[in-house]
Amino acid sequence: MSEELIILSKATREEQYKNLFPQIEALIAGENDLVANLANIAAAIKQTFDFLWVGFYLVKENELVLGPFQGPIACTRIAFGKGVCGTAWKEMKTIVAEDVDKFPGHIACSSDSKSEIVVPLFKNGNVAMVLDVDSAQLASFNQTDELWLGKICSLIEAKFS
Ligand code: SME
């Protein structure tokens, strides 16, 4: 495993994801511990894009519970259907909030967060966790993020299903 992440400067978001993706594949290839892999994936995404917050919430006993993350401290538990994360869980699909203040029920862990994307990860047809990414800028996320963060989540699903 390479211990240094290669980050492209002055590249498009798509190019950055294309550069990041194989590095994440390599990062998790030799490690079978879920928490270790989630921790490194959160760090790799945060380091590449300098988003405000990148992390995972895991479904535990009908709640989302905070997992490995990078960024400011965050709320530890989110109920089904609540906030952007709980909505992605309930609707079983990726949710993009271009302006979190306009998202009904948004949970403001940090007042610096302006936009957010949440991608659900599945195990045996159920949501097992979500990847949550917050940005300090409005409308930071689009279909490119949805596509590539989805691909990254598929790597985790393939490894742990
Ligand atoms: N804003 C999220 C809560 C988690 S934090 O952003 C880390 C939500 O509304 O679900």
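Counting convention: from 1, in listed order, for ligands and their atoms alike. Along the sequence shown, residues carry numbers from 1. Just so you know, these numbers come straight off a predicted model, no measurement behind them.
- Sorted by chain then number, the residues whose non-hydrogen atoms approach ligand 1 to under 4.0 Å are Trp53, Tyr57, Ala74, Ile78, Gly83, Val84, Cys85, His106, Ile107, Cys109, Glu116, Asp132, Asp134.
- In this view, Asp112 satisfies the salt bridge (Lys or Arg N to Asp or Glu O under 4.0 Å) rule with no residue, not counting sequence neighbours.
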**Request:** Evaluate the criterion salt bridge (charged side-chain N to carboxylate O under 4.0 Å, His left out) for residue pair Asp145 and Arg13; output intermediate values, then yes/no.
**Result:** CA-CA 8 Å; Asp145 303 280; Arg13 185 73 64 89; 2.7 Å; yes
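- The only member of Ser113, Ser140, Ser110 that meets side-chain hydrogen bond (donor to acceptor under 3.5 Å, both in side chains) when paired with Asp134 is Ser113.
- Counted within 6.0 Å of NZ on Lys46, heavy atoms from surrounding residues, nucleotides or ligands total more than 12; the atom is thus considered enclosed.
- The aromatic rings of Phe69 and Trp53 sit parallel, their planes meeting at an angle under 30°, below the 60° perpendicular limit.
- Using modelled atom types, one finds a donor on one side chain and an acceptor on the other under 3.5 Å when comparing Glu14 with Trp148.
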